[in-house]
Protein chains: 2
Amino acid sequence: MNTREKKPSVDQLPKPSGRIKLANALRDLLAQKDFSSITTAEISRTSGVNESLIYRYFGDKRGLLHAVLDEYLENFVEQINWGMKGIEGTKNKLRKFIWSTIYFYDQDRVFSKILLLEVRNYPGYFTSETYEIVKQYTNLMLEIIENGMKTGDIRKDLEARSIRQIVLGGIEHLILPAIINDGPLDPDRLTEKFCLLLFDGIQAKTKKA
Amino acid sequence: MNTREKKPSVDQLPKPSGRIKLANALRDLLAQKDFSSITTAEISRTSGVNESLIYRYFGDKRGLLHAVLDEYLENFVEQINWGMKGIEGTKNKLRKFIWSTIYFYDQDRVFSKILLLEVRNYPGYFTSETYEIVKQYTNLMLEIIENGMKTGDIRKDLEARSIRQIVLGGIEHLILPAIINDGPLDPDRLTEKFCLLLFDGIQAKTKKA
DNA sequence: ATCCTTATATAAGTAAAACTTACTTACAAA
DNA sequence: TTTGTAAGTAAGTTTTACTTATATAAGGAT
């Protein structure tokens, strides 16, 4: 099944122009329609590159998608890593992380849709290079939580991994309606609501026992 | 595009045996492999029903999937509605809701996988009958939250819809690893952790200001 | 009884799209 | 000059969702 070519470790290797043209063509097409209704013939036509080169370079149609995605994700991880630098305090770090995530989802709707709707259903995604990059992102969140537990900022009767999963899923689902309806997204407001819930819970604090 | 037949309102109408055989065949096949790698020829072979009846009865291959899914979801919604009866208190209702959801995800892994990974990427899902049924489920959660705000159990500086999204996404993501790895799932433990976070937040309460 | 309609069923297609293969050209290193 | 490799092309093949034309059987009305 996995007929993908051995990956050219993304950068620095001889990048033939056909490769880039194909990736750009798919990117353009994804802005207009969803992946499954884009044909390889269409990608070939749009790029001006022969159809069979998709298979030479990327193994299959999905491989091309992943290549495009990987490039974007690597940039995203890099930026979020950079953005976290110099921030002190567990809550501040978490808030920044959440804000950045929502911000990026808002910025590039094309990639948001792919990441949220199009990628996970592919059998083999969870063993893909793409998922490895995503892991860098999710591990960063895990580190923040684990560190917060060590410093005593986060209660210890919770599990770091559970918190991470809930937070990541919560963010995704929170922004999903806007992504689907191509509606507006307000990172500041959403982050604030999210952090209120995450830090202190939903319970009204009327009486102090 | 939407060549589905007018829906036979699911129950009570004349159910030809071919219909049932096709649905059962797809269910069986889904236990073995994912939807996209199941062919219509295979469904026909497994069911012993002619391939073209898929199209007569369900419009297209995806229509068959949705029919199978709808039946399961209707049962799920019914059961969760029934299970909520007689429970008093916002927190108790939320806990029961969360527990039930995780429990059902644990019980039927085939449907869990479809719901979590296979359905959302289909363009048109969000206008489908299936999604209407899902809405009954998500609306139930919204009602609990809105009611909790009215009674003063839930703080009012949050938005009911935001809470709902975060909770639903949080649950999904929390169980996702177990679903993907076919690992075990402990509804009691996960519900407890989830509710700790949801009700009181992650912040350690050391000093009282 | 016969005719008409409708549901159920089948076999034999079609069309489109993903993917392959066989071959050519360009170009650089040995 | 030769040789090897990567880039490019054109013309397939195969698979698979979906269609069509046709047949059989079951009532129901006349």
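Throughout, protein chains are lettered first and strands after them, A, B, ... in sequence-line order, and every chain is numbered starting at 1. Only this structure's heavy atoms are used, side chains among them; waters, hydrogens and symmetry mates stay out. Fair warning: this is a prediction, and the values are worked out from it, not measured in the lab.
Salt-bridge check for B:Arg45 with B:Glu42: failed, with every basic side-chain N at 4.0 Å or more from each acidic carboxylate O. A salt bridge is defined here as a Lys NZ or Arg NE, NH1 or NH2 lying under 4.0 Å from an Asp or Glu carboxylate O, and B:Arg62 with B:Asp60 fails to meet this definition. A salt bridge links A:Asp106 with A:Arg109: at least one charged nitrogen is closer than 4.0 Å to a carboxylate oxygen. In summary, A:Arg189 and A:Glu192 do not engage in a salt bridge, as defined by a charged side-chain N under 4.0 Å from a carboxylate O.
A heavy-atom distance below 4.5 Å is not found between the side chains of B:Lys91 and B:Asp153.
Protein atom CZ of A:Arg19 is 7 Å distant from nucleotide atom P of D:dA7, rounded to whole Å. The distance between atom OH of B:Tyr57 and atom C1' of D:dT19, rounded to the nearest whole Å, is 17 Å. Rounded to whole angstrom, the span from the NZ atom of A:Lys61 across to the P atom of D:dT14 amounts to 22 Å. The CD1-C1' distance, from B:Ile54 to D:dT16, rounds to 11 Å in whole Å. With rounding to whole Å, A:Arg62 atom CZ is found 17 Å from C:dA17 atom P. When rounded to the nearest whole Å, the span between CG of A:Leu64 and P of C:dA18 equals 11 Å. Put simply, CG on B:Leu53 is 10 Å from C1' on C:dA7, counting in whole angstrom units. The separation between A:Ile20 atom CD1 and D:dA7 atom P is 11 Å, rounded to whole Å.
Out of D:dG8, D:dT9, C:dC19, the shortest distance to the side chain of A:Ser52 is found at D:dT9. Listed candidates were D:dC18, C:dC19, C:dA9. Nearest to the side chain of B:Tyr55 is D:dC18.
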Verdict with reasoning, A:Phe97 to A:Tyr137, per ring pair (Phe, Tyr, Trp, His ring centres under 6.0 Å): CA-CA 10 Å; A:Phe97 186 96; A:Tyr137 160 81; 4.9 Å; yes
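Across its full length, the helix from C:dA1-D:dT30 to C:dA30-D:dT1 shows an angle of 10° between the axes of its 5 terminal pairs at either end, rounded to 10 degrees.
Of the residues in residues 28-51 of chain B, those placing a heavy atom less than 4.0 Å from an atom of DNA chain C are B:Asn50, in numerical order.
Under the 30°/60° scheme for interplanar angles, the aromatic rings of A:Tyr72 and A:Phe111 are found to lie parallel.
Side-chain atoms of A:Arg56 stay outside donor-acceptor range of the base of D:dA6, with no qualifying N/O pair under 3.5 Å.
Side-chain contact check for A:Tyr103 and A:Thr191: no donor-acceptor pair (N or O, by modelled atom type) lies under 3.5 Å.
Without hydrogens or angle criteria, A:Asn147 side chain to A:Glu143 main chain gives no donor-acceptor distance under 3.5 Å.
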